[in-house]
Structures are given as structure tokens and as C-alpha cells.
Trainee: 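Mind having a look at this structure? Questions to follow.
To find a chain, count down the sequence lines: A is the first, B the second, and so on, and within it residues start at 1. Below, each value reflects all heavy atoms present in this structure, side chains not excepted, and no hydrogens, waters or symmetry copies.
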Amino acid sequence: MDFKYDDITPLKLNEAQPQLCQILYDDEYKTTMGILLALMAKNELSERALAMTELGISTLASHYSIWCYRFDIIKCLKKDLYDELDWLESIAIDNEKNYQIWNYRQLIIGQIEGFDATREFPILNTMILEDSKNHHVWTYRHWLVEKFNLFENEKELKFIDDLLDDDVYNNSAWSHRFFIKFNNEKVDVDEELNYVEHKIRISPQNESSWNYLMGIYEKFQIPLIKLQPFLNEFVNPDIIDNTDSEDLELIKSSFALELLAKTYNNEKSLIIYDLLIAKYDPIRENYWKYLKSKLTSN
Amino acid sequence: MEDQIKYLINIIKGNDFHDVKPPNIYNNLKKMLGKPLVANVDYDSETLEKQSEVESMVNGIYQDILDSHRHINNHFEIEKHGEFVNRSLTIPLPGYYKGYDANHSWMLYWLTNANCLLGQQENELEMKDLIVEKIKTLIVDNGKGGISGGANQLGHLASSYAAILTLVLVEEFDLLKSISSNLYQWMMSLKQDDGSFIMHYNGEADTRSMYCALVIGSLLNLLNDDFTHGCLSWVQKCQTYEGGFAGVPGTEAHGGYTFCGVACFFLLNKSLDNLNIDKLIRWSVARQYQLEGGLSGRANKLVDACYGFWIGGVYAMIETFIKAPIFDRDSLKIYLLNCAQDSVKGGFKDKPNTRVDFYHTNYSLLGLSCSEYNFESGDLLAYDFKTNEINDDTNVSPINPVFGLPHGKAEACRKYFNN
Ligand SMILES: [Zn+2]
């Protein structure tokens with residue numbers, strides 16, 4: 001449908017000169033935004049205004065004012081909200097790094113009664129497979145799980161399992177897993193411990209899986225000392241007594257060594273921190289020195 | 001050893017003698033290139049592939065420096081950066097910059113701040129009228145609608161934050177005073193029951209919007225009990241199991257949000273005892289990478305120059321609290337100056353294979369400052385910073401890490417609004 005806008009005087013974009021950071025807008029942009037801003041200024045909630053927001057958003061998706069305006073129009077005209085969600089998907093795929101789309105999607109879904117949240121899985125999965133650490137999409141996914149209580153949804157759990165099977169270094173997936181598993185009272189903590197230990201064995205020098213493990217220990221206040229047998233799989237504890245032994249030198253994980261120091265919490269820890277400084281994690285020299293000073297001042 | 005001898009011979013030949021001033025980065029580079037004694041495993045994934053691409057690029061740059069035996073010190077192209085910033089401010093920007101059309105106040109902040117960090121104060125004063133004139137076009141209804149990202153757009157907390165910092169940079173306090181009570185009302189209209197603030201009418205609430213609201217409230221002396229109600233407990237909930245802060249409770253720890261989260265404690269004048277400091281430190285120091293020397297924003301993500309400030313600023317704040325150095329300043333500086341600096345056209349970029357932009361230029365300079373000074377703080381957490389040069393190889397001004405402003409600017413604003 002073609003709409004007429006000839007009764008609207010486009011608002012002028014800032015073309016004052018001299019002006020700092022002046023943008024040399026092209027004519028098309030000036031017309032589109034000029035009409036939009038003029039419609040917005042008189043708060044016209046109409047079909048032609050809606051059409052204009054679509055043009056505006058496809059021109060510049062980060063233009064937050066247009067999104068707010070569009071939401072008001074959609075509500076006022078009682079548009080089909082599912083059509084709106086479908087339209088949004090096409091915009092999302094072209095604007096991966098956009099903040100507004102996902103907030104807007106939340107606003108729309110908030111208007112729908114009896115919304116079936118699993119309707120969101122295809123688009124979310126497409127977006128995440130495209131960019132597996134997209135912060136905006138993950139934040140939206142988090143919102144969805146919380147709002148619609150998807151903590152035990154099989155598809156959701158399977159999706160996370162698959163992502164971590166593909167890439168055990170995907171920290172966004174780990175983070176989402178932590179959120180899902182430990183907001184559910186029925187979680188089997190031992191099963192999760194087995195899971196993460198298995199993932200650590202696959203690739204032991206991985207900050208994400210170790211953080212997950214330590215997160216569980218902290219959350220459930222499990223004494224760290226219980227970890228020692230597991231840690232010894234990655235570091236032969238004899239390196240503490242034979243710091244010059246070349247046979248023992250190569251360890252499998254600096255995170256295991258760091259945790260070993262925590263489990264000892266004595267002079268042996270000081271030796272470990274020195275080893276981390278000298279051989280295993282020299283960039284964090286100041287941090288290891290700080291932990292040493294904390295240990296000796298106690 | 002052999003390298004060192006070659007290098008000495010080079011110096012004796014007189015090639016680059018004038019370039020040699022302390023501290024020489026040779027030893028530091030050697031340290032960064034030395035591989036930790038941790039075994040490799042047979043595992044392949046997208047994350048590892050991307051990481052190894054960056055590593056080989058950075059490795060190439062550092063190895064070239066060592067092999068050339070020439071630029072064995074960091075070079076800072078202060079004049080080129082100054083020209084880049086001035087050019088960007090004053091020469092109209094080509095059409096494709098319309099992507100920044102909702103970010104006018106951000107552009108002004110990034111560039112004016114960069115100008116100031118480079119020590120070009122006179123320049124700023126010259127531009128002061130133009131800066132104020134432009135920001136006036138962004139103020140919505142005398143501040144009753146906040147400050148927007150572009151003329152005739154809606155007020156937005158982050159745009160307001162950037163605009164206000166810019167006015168603080170040029171010390172235009174009278175204008176701020178004239179809109180401050182309207183801004184207060186506007187921000188209160190964005191406040192939610194849980195203590196957070198939404199970015200704008202129908203917008204999202206996260207640690208950024210909280211930080212922006214608290215910065216504005218603090219600078220303009222608006223922080224009363226109604227305003228700060230629920231802020232502390234809301235921010236506390238954003239610290240994740242990993243130790244950093246997320247945008248909203250329960251999501252992934254992230255460098256930008258961690259900066260905002262930690263700075264909120266300073267703005268609320270609450271000691272870092274109010275968060276899990278051990279976990280915060282552990283996660284933050286893990287953001288520095290052995291080979292690159294630069295910082296990443298999340299676990300298993302790539303190095304990026306802007307985290308030189310988002311995470312570097314967190315280091316600065318942590319150090320005032322624990323009173324000990326916590327990160328490797330020289331290595332961060334090496335990354336920023338050799339991988340992120342454009343020494344030909346001026347400006348800074350995310351990584352060697354990306355393009356210079358205003359955002360990365362500002363945050364690289366702020367990050368550089370974090371690496372060139374150390375920080376102490378007094379009773380009034382956000383305003384009592386003392387900064388000391390680490391050595392005499394200093395290129396940029398000292399900063400106040402809570403605001404991301406050159407030291408002295410936020411302090412002057414506070415003084416104005418407290419009188
Ligand atoms: Zn960046």
C-alpha cells in the first residue's frame with residue numbers, strides 16, 4: 001500500500017554549519033528521517049506512520065526513538081502481534097549487534113496473552129548458530145527462560161548440551177547453563193559435577209569450564225579439598241617438591257594448579273604461586289604475588 | 001641471548017640510538033612470546049580457531065619488532081592522534097556516518113575526551129562554543145525529556161551521560177545547572193521498583209543504565225535516598241558466579257557491564273567489601289592474555305583494545321581498594337601501542353586487522369592511561385583519586401577511572417555543584 005505524506009513538512013536534520021561531527025546526510029535519508037521525526041513530533045499513530053517506521057528501522061536499526069514510536073503505534077492500532085514478531089525476525093537477522101530489537105521483542109511478547117515461548121526457539125537458535133556468543137540474543141534467551149519458566153524444557157536443555165558438545169569453550173553457553181541448572185531446585189548437583197569434570201578432561205586449559213566447576217563449589221559450599229584427586233589428574237603434585245624436575249614440568253592445566261594452591265592454603269601454595277609466575281602463567285605475576293601476600297599476612 | 005647481542009650491535013652501529021629510552025620493551029616482549037609450560041590437547045572448535053588467528057597475527061607483529069632490532073621501544077604518535085581527533089570533530093563526516101545518527105552526544109564525548117587526554121586543552125576551549133551549541137540541540141525540553149542522541153530524538157540515559165560528560169570536559173557548568181532539576185525528574189520517571197533505571201521511555205534496564213544514572217546524579221549532586229533507593233542491592237545481584245558483572249542478574253559476566261557495576265559502588269560511596277572482591281579480582285585478571293598483553297571482555301573471547309579501559313578501569317578501582325598492583329601494565333601498553341595504534345593516520349582500533357574509530361580511540365587512550373599511572377583513593381571514593389606516573393615514559397593525562405574523564409574534571413564539577 002502506498003501512503004501519502006505531502007501534508008507533512010519534514011523536520012530538518014541538523015545541518016547547521018559550522019557544526020562538530022556534522023554528518024553529510026544523503027537526500028533519501030533526510031527525507032525518510034525528516035518525515036518520521038515530524039510524524040513523531042505530532043504523535044500521529046496511523047498506518048502511514050507505521051509504514052514509515054518500517055522504512056526508518058530498515059535504514060537505521062539503532063535509532064531507538066523509532067522503535068519506541070512504533071510500539072505506541074502497534075498498540076494503538078491493535079496490530080496482529082504475531083505478524084510483528086515475524087517482521088522483527090527479518091530485521092534481527094540483518095542487525096546482529098543491535099540492542100533495540102530484543103527489548104522491543106520483549107515489549108511485544110509482554111502484550112500477548114498465553115504466549116507459547118517455544119515459538120521463539122527457531123529464531124533464537126538460528127541467531128546463536130550464526131554468532132554463538134551474541135550477547136543480546138543470549139540476554140533475550142535468559143529473559144524468555146525466566147519469564148516462561150523454561151528451566152526444565154527439554155529442547156532448551158538439549159540446545160545447550162549440543163552447543164557445549166560443539167565448542168566446550170563457549171562461555172555464553174556455560175553461563176546460560178549455570179542459570180538454567182541452578183535456578184531449578186530439582187537440579188542433581190553430582191550429575192552436574194560429573195558433567196563439567198568430563199568437559200574439563202576433554203580440554204583442560206579452559207577458563208569457562210573451570211569457572212563453572214568453581215561456581216558449583218561456591219554455590220553449594222562444597223569444601224575445595226574434595227577436589228584434590230581431580231586436580232591431580234592435571235598436575236602431578238610432586239612438582240611442588242621437585243620444582244626443577246623436567247619430567248614433571250609440563251602440566252595439563254594452569255587452572256588446576258591454581259586451585260591446588262587454594263586447596264593447600266599453606267606454604268605449598270606459596271611455592272605454587274612462584275611456579276605460576278615463573279612457568280605457567282607469567283602474565284598474572286602481580287596477581288600471584290598479591291595472593292602470596294594475602295596468604296602470608298593471615 | 002643471540003637476539004640481544006644483535007640488538008646491541010645495532011645500537012652500537014648507531015642506527016636507532018636516539019630511540020632508546022627506558023623502559024626498553026625487549027624483555028617484556030620476550031616474556032609475552034614465551035609459551036607457558038601447559039600441554040596442548042587435541043581439540044578443535046570455533047573459539048580456538050578464532051583465538052589462534054588473532055594469536056598468529058599478534059605474534060607476527062611482536063616477532064617483527066624483535067627481529068628488526070629497531071623499534072625496541074613503544075612509539076606514541078601524539079601529533080597524528082591529535083590531527084585525527086581534530087579532523088573528525090571539524091570536517092563534516094561522509095554519509096555512511098549516518099549509522100551514528102542516534103549517537104551524536106557519544107561522538108562529541110569520545111572525541112573531546114580524546115582531545116583532552118592528549119593534552120590539547122586550548123583546543124577544547126576554542127571549540128567550547130561549538131560543543132555547547134550542538135549539545136543544546138540534543139537537550140529535550142530543557143531537560144524535562146532528558147538528552148537525546150540526535151536532534152528531535154527521544155531522551156536516552158546513555159546519550160545524556162555522554163552529553164553531560166562533554167559539558168563537564170569544557171566546564172560548562174551553568175548550562176548543566178539550568179537543566180539539573182528537570183533531569184532529576186526525568187531520571188526519576190525512568191526508575192523502576194527494583195531500583196534499576198530504564199534507558200528511556202519503554203527502554204531496557206541494565207548495569208549501563210544504572211551507571212549512567214548514578215554518574216549524572218553524582219556529578220549534578222542529585223543523589224538523595226529516593227534516587228539511590230534499591231541501587232546497591234540491584235547491582236550486587238549482577239555479579240555472576242564467574243566474578244564479573246552481567247547486564248542483568250543471571251546473564252554472562254562482561255567487561256563493559258563489569259566496569260559499570262564496579263563503578264556504581266564508587267558512585268554510591270560503598271566500599272568494595274559490598275561485593276565478592278576475590279572473585280571479581282580473579283575474573284578481571286583472567287581477562288589479560290599472555291601473548292597479546294591486551295584484555296578481553298569475557299572468558300574465551302578475543303582481545304579488544306576498548307577493554308583496555310573497561311577492564312583497565314576495573315583494575316584501577318580494584319587497586320585503590322587492595323593497595324597493590326594487580327595487572328601487567330607494560331604488556332597492556334605494548335598491545336595498545338603496537339596492535340591497536342594506527343601510527344600512520346592516527347587513532348586506535350580494536351585489533352590489528354580492524355579499522356580505526358572514535359570509540360576505540362577514546363577507550364584505548366583511557367586504557368593507556370590506566371597502564372601509565374597507578375591509583376590511590378581517599379574517603380570520597382569517586383572523587384579522591386591520586387594518580388602517580390609509573391615511569392617517565394608517559395603519553396597521556398591521568399584519569400579518574402570511575403567517570404572515564406581526565407583527572408580533575410569530575411572533581412571540578414562536583415565542587416561547582418556542592419557550592
Ligand atoms: Zn572494542
Side-chain angles (χ1 to χ4, degrees), chain A residues 11 13-14 18-26 29 33 37 41 60 62-65 68 71 99 103 107 132-133 135 138-139 142 146 166-172 175 178-179 202-205 207-208 211 215 218-219 249-254 279-287 290 293, chain B residues 31 34 36-39 41 43 45-48 88-90 92-95 97-102 104 107-108 111 127 130-131 134 137 151-154 156 200-204 240-242 247-248 250-252 254 281 285-286 288-290 298-301 322 324-328 331:
Chain A
L11 274 184
L13 303 189
N14 189 355
Q19 178 198 158
L20 298 179
C21 295
Q22 183 194 349
I23 299 172
L24 297 172
Y25 304 109
D26 53 74
Y29 187 82
M33 290 305 168
L37 292 173
L60 182 60
S62 66
H63 203 304
Y64 58 89
S65 309
C68 295
F71 185 59
Y99 266 98
N103 175 57
L107 292 176
S132 63
K133 297 170 185 179
H135 205 73
W138 279 110
T139 301
H142 164 273
E146 195 162 53
D166 275 355
D167 187 351
V168 75
Y169 287 84
N170 185 341
N171 198 62
S172 304
S175 182
F178 198 91
F179 163 68
I202 290 174
S203 197
Q205 188 59 11
E207 185 189 348
S208 300
N211 281 355
E218 191 202 7
K219 185 164 178 82
E249 242 187 348
L250 198 65
I251 62 169
K252 287 185 182 149
S253 171
S254 66
K279 296 177 185 171
Y280 302 110
D281 195 24
I283 190 89
R284 267 163 283 284
E285 179 175 348
N286 279 333
Y287 176 59
Y290 165 70
S293 74
Chain B
K31 180 173 127 189
L37 292 167
V38 179
V41 288
Y43 182 85
S45 79
E46 195 192 337
T47 301
L48 291 187
S88 307
L89 274 166
T90 54
L93 304 164
Y97 271 87
K98 67 188 176 197
Y100 287 92
D101 199 26
H104 283 273
M107 289 197 282
L108 288 183
L111 294 168
M127 291 198 204
L130 286 172
I131 288 172
K134 176 133 182 181
T137 68
N152 297 312
Q153 300 176 20
L154 281 181
H156 187 292
H200 52 86
Y201 162 68
N202 270 335
E204 71 281 9
T240 79
Y241 73 92
E242 292 190 273
V248 292
T251 56
E252 185 181 8
H254 181 289
I281 296 176
V285 299
Q288 189 162 29
Y289 291 162
Q290 171 72 32
R298 293 184 252 166
N300 287 320
K301 286 276 283 180
I322 63 168
I326 204 67
F327 72 111
D328 189 326
S331 300

Trainee: How long is the gap from CD on A:Glu218 to CD on B:Glu242, to the nearest 0.5 Å?
Mentor: 12.0 Å

Trainee: Find out whether A:Asn170 and B:Glu46 are in side-chain contact, i.e. whether some heavy atom of one side chain is under 4.5 Å from a heavy atom of the other.
Mentor: no

Trainee: When only pairs under 4.5 Å are counted, which of B:Thr251, B:Val38, B:Asp328 shares the most heavy-atom pairs with chain A?
Mentor: B:Val38

Trainee: Which one, B:Leu48, B:Asp101, B:Val41, leads in non-hydrogen pairs under 4.5 Å with chain A?
Mentor: B:Asp101

Trainee: Report the relative orientation of the aromatic rings in A:Phe178 and B:Tyr241; use parallel for angles under 30°, tilted for 30 to 60°, perpendicular for over 60°.
Mentor: parallel

Trainee: Between atom CD of B:Gln288 and atom CZ of A:Arg284, what is the distance when rounded to the nearest 0.5 Å?
Mentor: 7.0 Å

Trainee: Out of B:Lys31, B:His254, B:Lys134, B:His104, which one racks up the most heavy-atom pairs below 4.5 Å with chain A?
Mentor: B:Lys134

Trainee: Could you give the distance from CD1 (A:Ile283) to OH (B:Tyr289), rounded to the nearest 0.5 Å?
Mentor: 12.0 Å

Trainee: Flag the one option from A:Asn14, A:Leu13, A:Ile251 with the top tally of heavy-atom pairs under 4.5 Å to chain B.
Mentor: A:Ile251

Trainee: What residue, out of B:Ala151, B:Gly203, B:Ser88, has the most heavy-atom pairs lying under 4.5 Å from chain A?
Mentor: B:Gly203

Trainee: Top residue by heavy-atom pair count (under 4.5 Å) with chain A, among B:Ala299, B:Pro36, B:Ala102?
Mentor: B:Ala299

Trainee: Heavy atoms, side chains only, cut-off 4.5 Å: are B:Thr240 and A:Ser175 in contact?
Mentor: no

Trainee: So do B:Val285 and A:Tyr290 actually touch side chain to side chain, heavy atoms under 4.5 Å?
Mentor: no

Trainee: I need the B:Asn202 CG to A:Asn103 CG distance, nearest 0.5 Å.
Mentor: 8.0 Å

Trainee: Surrounding NZ of A:Lys252 (heavy atoms of other residues, nucleotides or ligands, distance under 6.0 Å), is the total greater than 12?
Mentor: no

Trainee: Answer with side chain, backbone, both or neither: which region of A:Tyr25 has an atom nearer than 4.5 Å to a non-hydrogen atom of chain B?
Mentor: side chain

Trainee: Nearest 0.5 Å, please: how far is CD in B:Gln153 from CG in A:Leu37?
Mentor: 6.5 Å

Trainee: Set out, in order, the CA-CA distance, both residues' side-chain angles and the distance that settles side chain to side chain contact (heavy atoms under 4.5 Å, CB included) for B:Thr90 and A:Leu20, then state yes or no.
Mentor: CA-CA 5 Å; B:Thr90 54; A:Leu20 298 179; 4.2 Å; yes

Trainee: Any side-chain heavy atom of B:Leu37 within less than 4.5 Å of one from A:Tyr280?
Mentor: yes

Trainee: Please flag which part of A:Glu285 lies under 4.5 Å from any non-hydrogen atom of chain B: side chain, backbone, both or neither.
Mentor: side chain

Trainee: How long is the straight-line distance from CD of B:Glu204 back to CG of A:Leu107, given to the nearest 0.5 Å?
Mentor: 9.5 Å

Trainee: For B:His200, which of A:Phe71, A:Tyr99, A:Tyr64 qualifies under ring pair (Phe, Tyr, Trp, His ring centres under 6.0 Å)?
Mentor: A:Tyr64

Trainee: Would B:Met107 and A:Ile23 satisfy side chain to side chain contact (heavy atoms under 4.5 Å, CB included), going step by step from the backbone distance to the final call?
Mentor: CA-CA 11 Å; B:Met107 289 197 282; A:Ile23 299 172; 4.1 Å; yes

Trainee: Please report the closest heavy-atom contact between B:Ala286 and A:Glu207, naming both atoms and the distance.
Mentor: CB-OE2, 3.5 Å

Trainee: For A:Asp26, check salt bridge (charged side-chain N to carboxylate O under 4.0 Å, His left out) against everything at least two apart and list the hits.
Mentor: B:Lys98

Trainee: As an exercise: rank A:Lys219, A:Glu146, A:Lys133, A:Gln205 by heavy-atom pairs under 4.5 Å with chain B and give me the winner.
Mentor: A:Lys133

Trainee: If we define contacts as heavy-atom pairs under 4.5 Å, which of A:Ser203, A:Gly215, A:Ser62, A:Pro18 has the most with chain B?
Mentor: A:Ser203

Trainee: Got a sec, which residues hit side-chain hydrogen bond (donor to acceptor under 3.5 Å, both in side chains) with A:Ser208, two or more places apart in sequence or on another chain?
Mentor: A:Asn171, B:Asn300

Trainee: If we define contacts as heavy-atom pairs under 4.5 Å, which of A:His63, A:His135, A:Met33 has the most with chain B?
Mentor: A:His135

Trainee: Using a cut-off of under 4.5 Å for heavy-atom pairs, which of B:Gly247, B:Gly34, B:Gly99, B:Pro94 has the most such pairs with chain A?
Mentor: B:Gly99

Trainee: By a 4.5 Å heavy-atom criterion (distance strictly below it), what part of A:Ser172 contacts chain B: side chain, backbone, both, or neither?
Mentor: both

Trainee: Which bit of A:Leu250 comes within less than 4.5 Å of chain B, counting heavy atoms only: side chain, backbone, both or neither?
Mentor: both

Trainee: Does any part of the side chain of B:Ser45, heavy atoms only, come nearer than 4.5 Å to the side chain of A:Val168, both counted from C-beta?
Mentor: no

